[in-house]
A.B. asks: 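The following block contains the structure, expressed as structure tokens.
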4 protein chains.
Amino acid sequence: MTEEKNIFKQLFDQEETLTDKQQKIVEAAIEMFAEKGYASTSTSQIAKKAGVAEGTIFRHYKTKKDLLLSIVSPTMAKLIAPFVIRDLNKVLDAKYDRYEDFLKAMILNRQEFLKENMTAFKILIQEIPFHPELKEQFKEHIAEKVIEKFVRLVDHYKEKGQIIDLPSYTVVRFSATSIFGLLLVRYLFLPEADWDDEKEIDMTVQMIVNGIGKG
Amino acid sequence: MTEEKNIFKQLFDQEETLTDKQQKIVEAAIEMFAEKGYASTSTSQIAKKAGVAEGTIFRHYKTKKDLLLSIVSPTMAKLIAPFVIRDLNKVLDAKYDRYEDFLKAMILNRQEFLKENMTAFKILIQEIPFHPELKEQFKEHIAEKVIEKFVRLVDHYKEKGQIIDLPSYTVVRFSATSIFGLLLVRYLFLPEADWDDEKEIDMTVQMIVNGIGKG
Amino acid sequence: MTEEKNIFKQLFDQEETLTDKQQKIVEAAIEMFAEKGYASTSTSQIAKKAGVAEGTIFRHYKTKKDLLLSIVSPTMAKLIAPFVIRDLNKVLDAKYDRYEDFLKAMILNRQEFLKENMTAFKILIQEIPFHPELKEQFKEHIAEKVIEKFVRLVDHYKEKGQIIDLPSYTVVRFSATSIFGLLLVRYLFLPEADWDDEKEIDMTVQMIVNGIGKG
Amino acid sequence: MTEEKNIFKQLFDQEETLTDKQQKIVEAAIEMFAEKGYASTSTSQIAKKAGVAEGTIFRHYKTKKDLLLSIVSPTMAKLIAPFVIRDLNKVLDAKYDRYEDFLKAMILNRQEFLKENMTAFKILIQEIPFHPELKEQFKEHIAEKVIEKFVRLVDHYKEKGQIIDLPSYTVVRFSATSIFGLLLVRYLFLPEADWDDEKEIDMTVQMIVNGIGKG
DNA sequence: AATGAATGAGTGTTCATTCAT
DNA sequence: GATGAATGAACACTCATTCAT
């Protein structure tokens with residue numbers, strides 16, 4: 001999994017350059033966008049919460065939407081980062097014999113990421129419907145590249161005889177919605193409930209694999 | 001399923017009383033709220049699209065939020081209507097021997113509803129995060145009543161020996177997210193794709209049942 | 001004082017023709033105009049309070065301002081009625097030998113009227129500053145006719161040797177503001193206080209007469 | 001009277017801090033509120049008259065009512081300032097042997113103030129009936145403190161044998177309405193008439209003192 | 001880099017008035 | 001005569017953005 005770390009660094013370490021005030025602006029914006037939505041959060045509220053002057057926001061971000069994108073675009077990029085590495089199959093081959101193991105590893109990895117970026121992720125999914133640029137990014141990167149990669153991956157495990165003969169796209173959809181269903185319920189709908197994460201993930205992987213696996 | 005139809009009628013046919021202009025206002029609002037979001041849609045835009053004066057909106061709805069709720073609350077109510085009938089288990093007993101059959105019937109039924117109320121449903125899920133009243137309604141009705149009913153239902157099929165020994169709540173979550181995953185992908189993410197709905201549903205049911213069923 | 005009664009009837013008994021609804025509208029308007037002011041009272045609020053439809057108001061009064069004037073103009077007319085009778089001096093001669101007696105009679109008479117028309121009177125003095133028509137009426141009738149009559153009246157008692165040698169206009173101003181001062185404090189500022197009206201009037205008349213009288 | 005001047009300065013010279021635009025806004029507001037009334041003056045009209053953008057008004061005053069109060073509250077405070085100094089009696093004792101002298105000094109002093117603040121004072125008395133906060137301030141400061149002080153003052157001159165044996169409250173009312181009657185007629189009703197202020201004041205004081213004085 | 005006063009278009013809402021029923 | 005749905009101009013107020021300091 002060190003490869004992914006590298007990719008992260010490679011792609012996103014520009015954020016180290018944020019000034020102190022900028023950092024506060026971004027934090028305030030994340031908190032408020034998540035809570036009230038982008039459209040219902042005013043720049044003056046963000047400025048007040050961040051403890052800076054209104055003008056300061058526009059010194060760093062040309063427009064309010066720029067501020068949103070500066071939060072949401074990197075989040076989307078990081079979210080899908082594990083899938084955009086070259087030769088993903090090779091990595092998987094070397095590491096995970098079984099679809100089951102791959103699934104579990106991936107869930108754990110993405111869970112780790114979501115746990116730390118929950119608020120930004122919440123903004124991402126809340127705002128995608130309202131911003132064509134975000135929809136575009138989403139389509140281009142997720143709906144096309146990630147899904148395609150995931151499909152090839154399912155084909156890979158199919159060839160190994162681990163997955164039953166359903167259309168790969170359907171298997172991907174089922175796997176993906178099961179995983180995201182778990183993570184959304186866990187972190188968005190009922191974050192305060194008392195979860196045994198390890199066990200819940202295991203059961204979910206078991207159900208998915210039972211669902212699509214060859215006995 | 002005639003019982004449900006009756007309940008629908010019983011509960012929601014007050015909407016026949018909408019005046020002509022009111023109807024146009026609601027239609028325009030649904031379209032625009034879904035597209036740009038509640039907060040980014042102005043009442044003047046709605047009025048223009050509906051072909052009425054702006055004041056007319058406020059003659060029928062005290063506030064803009066009232067207009068939103070008049071769209072979204074009934075949608076939520078109708079969405080969960082099948083689950084709030086008394087003696088759901090009896091109905092199921094009489095009709096569906098197998099969890100599989102129940103699942104399929106339910107998906108088909110809810111799919112029918114969603115197909116006709118897609119736009120309002122889209123607004124519902126988009127706006128829930130931003131409106132405490134909606135969150136409250138959602139929690140009270142879905143998170144509590146519907147899930148509880150669903151859990152009892154899973155218990156019911158467990159007793160019949162059809163479902164493996166996993167926590168009922170986990171089974172419900174898995175079933176529900178699989179179903180909603182299907183419907184969301186089908187109707188929200190990729191509505192324009194060429195779907196063989198019947199087949200896709202069958203496959204999904206099969207995967208769920210494989211996932212949680214006893215051999 | 002029967003002459004005045006006649007004048008009242010003569011001038012203002014058109015109000016008997018008010019329909020039931022119209023009566024309610026006027027009552028509601030008087031109450032609300034007095035409390036919140038003309039500009040801050042909406043016709044819809046008046047309609048609601050009167051229990052009629054908004055349109056009904058405009059059936060009886062072409063505009064909102066018409067409604068105001070229908071309340072305020074007659075009130076002003078009635079207020080000054082005692083002064084517009086012809087041959088006022090003759091009446092006074094016949095009845096009041098002393099300025100003192102005249103003053104007391106007049107205060108008692110106007111007090112009676114104000115007690116019964118307090119609310120409309122309140123509207124009158126509150127709205128005069130904002131409506132040129134009212135200002136005009138006020139100037140034309142009060143500032144010109146009534147004052148002129150009052151001045152002649154003071155001249156009359158001066159000739160009788162009852163009033164010291166100050167400009168009549170000054171004496172009128174002093175008398176009038178003393179009287180209105182009493183009535184305003186009594187009925188507008190501190191209506192709830194415990195007043196011995198008879199005594200207060202007597203003392204006030206005494207002070208005025210001392211102030212301007214010849215020992 | 002230098003003591004009062006000091007108090008004025010002390011209490012109200014914070015207004016020097018008004019920015020240029022703010023000053024213009026206040027001036028425009030004063031002019032328009034006086035002419036058309038608070039409720040009938042729109043913020044856009046004020047902005048236009050002041051030569052600023054409408055938003056600028058709300059940068060300095062949270063609400064339209066705030067703007068009103070920023071004009072009217074200090075005016076009320078300044079108006080009653082001479083009465084709130086400690087040891088008013090001592091001051092009077094040292095300076096004015098006779099009630100007559102005190103009255104004249106006070107009228108001259110308040111006349112000076114009113115002459116310079118006529119418009120704001122007009123707003124004050126016009127708007128008091130419509131704004132509970134103002135009524136409250138008025139009651140608390142004028143109806144209670146100032147009147148009470150005035151009553152004690154009359155008692156003071158009574159003890160000196162200068163005032164006849166009428167209830168002090170009645171004497172105060174009579175004095176006050178005579179004075180305000182003069183000033184209102186002079187500056188509000190007939191400001192354009194040709195007045196000999198000095199003489200008018202002298203005559204008024206004479207009438208009051210005759211009215212309540214011991215021969 | 002940071003400020004915050006200033007902007008003016010735009011917001012949701014209210015208004016007096018009209019008119020078909 | 002009475003209604004109340006409909007109007008659109010006007011309202012108080014907010015907004016993202018600019019710019020002189």
Side-chain angles (χ1 to χ4, degrees), chain A residues 19-22 25 38-48 50-67, chain B residues 19-22 24-25 38-48 50-68, chain C residues 19-22 24-25 38-48 50-67, chain D residues 19-22 24-25 38-48 50-67:
Chain A
T19 65
D20 177 44
K21 302 242 168 194
Q22 207 169 351
I25 290 168
Y38 168 79
S40 297
T41 301
S42 71
T43 49
S44 79
Q45 289 168 339
I46 296 172
K48 189 178 281 176
V52 304
E54 274 202 73
T56 309
I57 293 177
F58 291 91
R59 199 141 279 285
H60 293 290
Y61 304 93
K62 247 167 67 86
T63 65
K64 187 188 170 194
K65 184 158 249 172
D66 266 15
L67 175 55
Chain B
T19 67
D20 178 44
K21 303 242 167 192
Q22 209 169 349
K24 280 181 176 166
I25 290 167
Y38 168 79
S40 298
T41 302
S42 73
T43 50
S44 80
Q45 289 167 341
I46 296 173
K48 191 175 279 175
V52 304
E54 208 172 344
T56 307
I57 293 176
F58 292 92
R59 187 151 284 276
H60 294 292
Y61 303 93
K62 256 165 64 87
T63 64
K64 188 187 170 194
K65 185 159 244 170
D66 264 16
L67 175 55
L68 173 67
Chain C
T19 66
D20 178 46
K21 302 240 168 196
Q22 206 169 351
K24 279 181 177 165
I25 290 168
Y38 168 79
S40 297
T41 302
S42 72
T43 49
S44 80
Q45 288 168 340
I46 296 172
K48 189 178 278 175
V52 304
E54 274 201 74
T56 308
I57 293 176
F58 291 91
R59 198 142 280 284
H60 293 290
Y61 304 93
K62 251 166 65 87
T63 66
K64 187 188 169 194
K65 185 158 247 172
D66 267 14
L67 175 55
Chain D
T19 66
D20 177 44
K21 303 243 170 193
Q22 208 169 349
K24 279 182 178 166
I25 290 168
Y38 169 79
S40 297
T41 302
S42 73
T43 49
S44 81
Q45 289 168 340
I46 295 173
K48 191 175 279 175
V52 303
E54 208 172 343
T56 307
I57 293 176
F58 292 93
R59 186 151 284 277
H60 293 290
Y61 303 93
K62 254 165 66 84
T63 64
K64 187 189 169 193
K65 185 159 244 170
D66 265 16
L67 175 55

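Numbers restart at 1 for each chain; the letters A, B, ... are given by sequence-line order, proteins then strands. Just so it is clear, the structure is predicted and the values come from calculations on it, not from any experiment. The figures here come from the full heavy-atom set of this structure, side chains too, leaving out hydrogens, waters and symmetry mates.
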A.B. asks: Is it true that a side-chain atom of B:Tyr61 and a backbone atom of B:Leu68 form a donor plus acceptor pair closer than 3.5 Å?
C.D. replies: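 Checking the backbone N and O of B:Leu68 against the side chain of B:Tyr61, no donor-acceptor pair under 3.5 Å is found.
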A.B. asks: Please report the distance, rounded to the nearest Å, between CD1 in D:Ile57 and P in E:dG8.
C.D. replies: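 Answer to the nearest Å: 13 Å.
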A.B. asks: Going by side-chain contact (heavy atoms from CB on, under 4.5 Å), name the residues that satisfy it together with A:Phe58, two or more places apart in sequence or in a different chain.
C.D. replies: A:Thr43
A.B. asks: Between atom CG in D:Asp20 and atom P in E:dT7, what is the gap in whole Å?
C.D. replies: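 The distance from CG of D:Asp20 to P of E:dT7 comes to 11 Å, rounded to the nearest Å.
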A.B. asks: For B:Gln22 and F:dT7, what is the distance between atoms CD and P respectively, to the nearest whole Å?
C.D. replies: 13 Å
A.B. asks: In terms of side-chain heavy atoms of A:Ala53, which of F:dT7, E:dG4, E:dA6 is nearest?
C.D. replies: E:dG4
A.B. asks: In whole Å, what is the span from the CG atom of B:Asp66 to the P atom of E:dG12?
C.D. replies: 14 Å
A.B. asks: What stems, by residue range, does DNA chain F take part in, given at least 3 consecutive Watson-Crick or G-U pairs under 3.5 Å?
C.D. replies: E:2-21 with F:2-21
A.B. asks: Using whole Å, report how far NZ of D:Lys48 lies from P of E:dA9.
C.D. replies: 12 Å
A.B. asks: Could you give the NE2-to-P distance, from A:His60 to F:dA16, as a whole number of Å?
C.D. replies: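 These atoms are roughly 18 Å apart.
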A.B. asks: Counting primed atoms plus P, OP1 and OP2 as sugar-phosphate and everything else as base, spell out the protein contacts along nucleotides 13-21 of chain E at 4.0 Å heavy-atom distance: B, S or - for each nucleotide, 5' to 3'.
C.D. replies: BBSBBB---
A.B. asks: Is the backbone of A:Thr41 close enough, under 3.5 Å, to the side chain of A:Lys64 for a donor and an acceptor to pair up by distance?
C.D. replies: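 Looks like yes, one N/O pair under 3.5 Å.
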A.B. asks: As an exercise, state the distance from NZ of C:Lys24 to CD1 of C:Ile46, rounded to the nearest 0.5 Å.
C.D. replies: 15.5 Å
A.B. asks: Rounded to whole angstroms, how far apart are OH on B:Tyr61 and C1' on F:dA5?
C.D. replies: 14 Å
A.B. asks: Measure the spacing between OG1 of A:Thr63 and CD1 of A:Ile57 and express it to the nearest 0.5 Å.
C.D. replies: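 It is 11.5 Å, given to the nearest 0.5 Å.
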A.B. asks: Inspect the surroundings of NZ in A:Lys48 and state if more than 12 heavy atoms from other residues, nucleotides or ligands are less than 6.0 Å away.
C.D. replies: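 Count not over threshold, so no.
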A.B. asks: Any chance you could measure B:Lys21, atom NZ, to B:His60, atom NE2, to the nearest 0.5 Å?
C.D. replies: 9.0 Å
A.B. asks: Nearest 0.5 Å, please: how far is CD in B:Gln45 from CD in B:Glu54?
C.D. replies: 10.0 Å
